[in-house]
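So that the names make sense, note that chain A is the first sequence line, chain B the second, and so on, each numbered from 1. As the structure is a prediction and not an experimental result, all values here were calculated from the model.
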Amino acid sequence: MSIEIALFICLAVSAITVFIAASSEGGRNLLRSPGFIRPLILVNLAIGVLFLGRFYSDGLPSYLSVGTILTQSLFVAVIAFGQGLVMLIGGLDLSIPGVIAVSATIVAVGTSVWEWPVLVAVVVALIASALFGLISGFIIAKFQIPAFIITLAMGTILAGVSMGMTFGRKAPAGPDAVINLFSGIGKIYGIGIPIFIFLLVGVLGYIIQAKSVFGRQAYLFGSSPGTARIAGQPVLRIEILVYVVGALASGIAGIMLLGYSGNAQLSLGDEWLIPAITAVLVGGTVIGSGLGFWQSTFAATVLLTTIIVVIQATGYPEGYKSVLYGVVILLALIVTRPDRKWSLAKSNPRQQVLERK
Amino acid sequence: MKILEVSNLSKHYGDATALNGATLTMEAGEIHAIVGENGAGKSTLVKVLSGIVVPDRGSVKIADQELEFGNPRKSGSLGVSTAFQELSLISNLSVAENVLISHLPTRFGIVTRAGVESQAREILHEWGVNDINVRSTVASLSLSAKQRIEIVCALNSNPKILILDEPTAALSDTSWLFEHVQRMRDAGTCVIYISHKLAEIKEICDRGTIMRNGAIVGEFLKANFNHEHIISTMIGRSISLAFPPRESPLREDASTLIEVKDLVVGSQVSGVSLDVRAGEIVGIAGLEGQGQRELFYSLGGAIRSSSGEVRVDGEVAKLRTPRTASRSGPGIALVPEERKREGIFSDMTSIKNISVPVLSKVSTAGIIRNRSERSMSRKAGSENHLPEDFLTRNVGQLSGGNQQKTVLARTALSGAQILLMFDPTRGIDPSAKLEVYSTLRKSSGEGVGVLLYSTEIPELLGLCDRILVMYDGKIVASMLGSDATEEKVMAAAVGRHSSAQSTGAL
Amino acid sequence: MSAVGSVVRRIASDGSTRAAFILLVFFLIWAINARNPLESKDITDWLVLALPLAVASIGVTLVIITKQFDLSAAGVITLTSVMMATSFKETNVWIVVILVLAVGALVGLLNGVFVVFAKLPAIAVTLATLIILQGVSLILLVRPGGSVDENLIALVTGSSESSSSAFIPRPALILLVLVVAWLLFKRTKLGIYMYAVGRDEEAVQLSGVSVRKVRLSIFTIAGILYALAGVFLAAAIKSGDATIGESYVLSTFAAIAIGGTAFIGGSGSAIGTIFGALTLMVMPKMLFVIGISGWSARVFTGVLIILAVLAGAVSAMRQGAKLKETAGDVDQTNADHLVEGNGY
């Protein structure tokens with residue numbers, strides 16, 4: 001089956017789903033829920049963008065390009081999962097590239113220089129990542145310091161640490177087991193392993209964010225820290241734990257990226273931070289709120305990587321990618337902001353506070 | 001000469017009424033009192049006039065000019081000047097800068113310290129305030145100094161209409177204020193004087209307007225000032241809310257759930273002792289800002305107390321956080337003052353709002369079981385009269401009454417046997433109030449001990465077994481619910497013990 | 001003993017003093033351990049690099065005083081320095097400077113509009129502008145290069161003068177001008193409103209001052225300062241580099257944190273920030289002479305930032321507690337927030 005037909009079938013299935021849903025009351029409710037309709041739109045947009053790629057490259061769309069897109073989406077998705085939780089509770093984690101670098105370096109140096117078994121190296125890397133999250137989270141939560149400053153500083157420290165661990169030598173190579181898993185070389189039924197992992201991440205992320213007590217607590221905290229506190233929630237623990245989970249996700253992403261790129265460069269995580277933040281915002285998560293769906297973020301990662309792959313096919317310089325990310329973030333912010341009015345009217349944002357007093 | 005014409009002003013917050021067709025006129029050169037219970041609409045009226053609140057309906061004319069709503073500067077330019085009850089001073093600026101904030105004098109664009117200070121000193125001097133250093137920052141001043149500065153700021157802008165909202169709340173010496181207010185009146189200013197203290201009003205005001213439930217319900221002149229008449233008009237008998245009666249008398253052998261000894265919280269609560277027994281509803285009354293909030297919040301673990309002892313179920317309890325409070329003894333739960341900020345998760349559904357305390361109960365291995373969560377929330381919601389349709393709506397979209405029912409449903413699910421209810425009926429509609437009352441009765445019937453603060457005294461009279469009155473951080477009176485009257489409570493609330501003289505404050 | 005104690009307490013409690021003290025210590029370590037005695041050239045080099053950081057960080061400081069955030073500084077610096085180094089070879093350099101400052105003002109204004117009128121979170125909006133500006137810079141200048149007008153370089157670095165005639169290094173002179181400008185600005189109406197808005201927006205609104213106008217003006221002024229920093233940066237490195245701004249995301253906030261401005265709004269000082277920027281730039285030199293370099297220097301920087309922010313937060317909390325004790329119930333909202341910060 002040619003890729004075009006396969007993608008058309010995807011579009012058609014979505015259209016039919018919407019059509020069927022619109023014919024029943026329960027289905028219409030489903031269509032109104034952003035947790036269902038938004039991912040659907042995002043995925044179909046991605047397919048549309050992929051078709052647009054045809055104008056620039058004969059190689060688009062192709063099974064190969066879809067494979068590349070889904071593989072790269074994996075890394076964005078893992079990072080966006082952690083970042084999304086952090087943003088949900090009103091923070092912003094800028095230490096992600098640092099955590100990625102350290103985690104990848106631990107695994108690479110651990111297996112190649114110190115000759116640890118791969119599993120041990122992976123466990124150590126993840127424990128270390130969680131620990132970094134714990135430190136940042138503790139400082140942020142306990143002293144009420146803006147998250148981005150602490151995570152920025154933490155990122156600097158970690159970049160230094162991973163530099164130190166390689167002793168200025170060339171970037172150490174990752175263990176073969178990890179490379180096989182994440183580089184896309186390993187295949188099951190002709191489909192790259194990362195794609196299976198990508199789907200697995202989608203399911204796990206949904207369970208954690210939408211179904212678990214921990215996920216719920218993050219929503220509660222994001223929606224109103226004051227209410228969560230009065231309602232007897234362990235707010236300090238929740239906030240710290242979110243940073244721990246966020247850092248853990250980055251640590252996992254670090255190991256995956258080590259496998260994808262083959263060796264632990266210092267800049268391994270740099271290019272993934274902004275796409276992850278963008279995916280979270282495009283997915284409709286509002287910073288510091290109870291609003292946001294993992295499935296939307298997950299779908300947004302596919303759309304974003306598709307856009308990037310297409311842009312790369314156009315051959316425009318790197319700068320355009322940045323501009324596009326920035327514009328997409330701004331648009332996403334404007335479209336999803338909870339307060340839909342531009343406040344040019346008389347009422348001012350603080351009025352309600354005053355009135356309530 | 002008519003200086004102010006307010007016609008048919010209405011303002012609703014959700015389904016709560018703040019102003020309901022208020023119509024009144026005021027003359028230049030008079031001191032005009034506005035009296036009414038808390039929530040009668042006085043503050044909302046002040047805020048409409050000062051350009052902070054935009055009313056739903058109605059119009060205001062000042063010296064025959066239509067007032068454009070919602071713009072403090074427009075109000076100012078028409079000659080309205082307000083000393084706010086909550087004070088509009090900016091704590092990190094100096095006294096001098098605050099006094100001149102809206103018209104800072106500049107020299108080549110620079111606000112020179114010497115310039116501001118000398119000008120501010122002059123202004124303060126002109127209004128007879130000589131003991132405040134204009135250089136000090138406002139944060140370092142005492143409350144009464146702040147209040148005087150707030151008043152001077154209002155006096156000094158040469159207003160046509162001067163609004164003083166509870167100007168003596170923190171003033172020990174009122175003669176200073178009265179002297180200047182009279183001076184303004186004699187110069188032709190219309191002074192709107194809002195106060196709970198009838199003695200002051202009798203002394204200084206020429207005329208008065210009585211408000212109730214957002215409407216004007218009466219007027220009085222200095223000549224025919226009648227204390228009892230004013231109070232009875234203010235209280236009114238228009239809303240005859242049926243308070244559900246106690247089903248069975250409080251049991252003599254009911255155990256003491258919480259016992260507070262000499263509790264001190266900062267400078268706001270200075271040595272409060274009280275106790276609440278199982279099945280008892282204990283009311284706390286008092287004017288706003290007498291330490292009620294700090295008392296409730298410290299018992300709920302939301303702020304730390306400075307000293308004192310709290311025993312829960314006989315054991316000394318350390319109420320460090322709301323979480324520890326909820327876990328000490330039979331459990332303490334706080335229904336907070338600011339519903340939006342501390343009571344609800346506005347962008348989440350009622351189901352998720354209500355199920356918070358039982359998350360661990362409705363989950364297996366850390367995963368929430370949707371069905372049991374929904375059924376628990378539905379049960380608690382319906383017991384608290386929350387309509388079933390609203391369960392899946394975001395709480396932020398519900399009316400104040402239904403929001404509060406969500407909060408109460410959550411509190412009920414927490415299983416706490418000690419409820420601290422801080423003004424639970426504020427800003428909710430009458431029918432929702434009734435439902436809150438019946439919920440309260442029901443839980444107390446089941447042995448829950450309730451500490452209830454309300455700004456509406458009839459509520460306390462209708463519900464409480466005992467009423468404690470707070471004034472200046474202390475409990476100044478204690479009476480049985482059956483003996484209490486609105487007059488007795490009010491007398492104690494303004495700092496006069498029931499034995500004191502009968503004139504004076506209301 | 002008690003005198004020493006009070007000095008220590010003063011250093012610990014006041015942000016700017018703390019920053020000056022750290023700067024002094026680092027500078028002395030550098031000066032004493034340097035292999036050769038410091039020459040005026042060493043000092044000038046240091047100051048030339050610290051100047052753009054100081055100017056940009058002052059801009060961010062203003063925004064933080066109004067209780068907002070701005071990540072776009074690094075983007076504006078990058079774009080404007082690239083503009084200085086590339087496009088306008090035939091144009092008079094001063095016209096380019098004015099143009100560049102206008103670009104900065106425009107970016108600041110746009111940030112302000114998004115934050116004030118659309119009520120979007122400042123951190124996300126300015127992150128977006130940061131990314132866009134970095135992208136535009138990369139489009140303008142793919143590889144580092146270009147050249148900067150000699151007159152401008154001379155003006156900023158003082159390099160054309162014979163070293164004997166320059167008593168005060170030129171960048172120090174510029175910093176001095178900035179300090180004076182700051183002291184004056186603090187006493188303008190806008191300067192006073194800036195502090196007021198950051199502390200108590202509601203009270204400012206009640207006083208009839210437009211909070212929006214203040215916020216918009218401050219965002220715009222900050223944008224201009226970032227652009228000015230870009231001009232200085234171009235003069236310092238004498239060429240353009242579209243990736244040079246990245247480090248500024250961290251270092252502007254680092255300079256502010258070390259400078260003792262707490263991130264709570266309503267307080268802060270540009271002078272402290274200048275000390276912070278000088279500290280950050282002397283730090284690698286100081287670390288180098290005592291034998292720390294490379295990766296451990298980075299770790300050191302990160303740890304120092306965290307400690308500086310912590311010191312600021314703790315002293316703000318303590319002040320909040322004090323405020324709560326002395327004042328009545330009026331400052332509650334502020335004091336409560338700070339005190340209850342560690343309450344849960």
Report which part of C:Ala124 has an atom under 4.5 Å of a heavy atom belonging to chain A: side chain, backbone, both, or neither.
both
Tell me, side chain or backbone of C:Leu250 under 4.5 Å from chain A's heavy atoms, or both, or neither?
both
Find the distance between [atom1] ([X]) and [atom2] ([Y]) and round it off to the nearest 0.5 Å.
| X | Y | atom1 | atom2 | result |
| --- | --- | --- | --- | --- |
| A:Ile149 | C:Ile306 | CD1 | CD1 | 11.0 Å |
| A:Ser322 | C:Leu138 | OG | CG | 6.0 Å |
| C:Ile131 | A:Ile329 | CD1 | CD1 | 3.5 Å |
| A:Glu318 | C:Ile139 | CD | CD1 | 10.5 Å |
| A:Leu281 | C:Leu127 | CG | CG | 8.0 Å |
| C:Phe300 | A:Ile157 | CZ | CD1 | 11.0 Å |

Within the 4.5 Å heavy-atom criterion, are A:Thr166 and C:Trp295 side-chain neighbours or not?
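No, their side chains stay 4.5 Å or more apart.
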If you define the side chain from C-beta out and look only at heavy atoms, does anything of A:Phe148 sit under 4.5 Å from C:Leu71?
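Heavy-atom side-chain distance check passes, below 4.5 Å.
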With a 4.5 angstrom heavy-atom cut-off, is it the side chain or the backbone of [X] that approaches chain C, or both, or neither?
| X | answer |
| --- | --- |
| A:Leu266 | side chain |
| A:Leu324 | neither |
| A:Leu152 | both |
| A:Ile145 | side chain |
| A:Tyr320 | both |

Chain C shares the most heavy-atom pairs under 4.5 Å, among A:Ala153, A:Pro317, A:Gly160, with A:Gly160
For A:Phe214, look at atom CZ and say whether over 12 heavy atoms of other residues, nucleotides or ligands are found less than 6.0 Å away.
yes
For each of C:Leu310, C:Val142, C:Val211, C:Thr301, tally heavy-atom pairs with chain A at distances under 4.5 Å, and name the one with the top tally.
C:Leu310
I would like to know whether A:Ile139 and C:Val309 meet side-chain contact (heavy atoms from CB on, under 4.5 Å); could you show each step before the answer?
CA-CA 10 Å; A:Ile139 297 173; C:Val309 179; over 6 Å; no
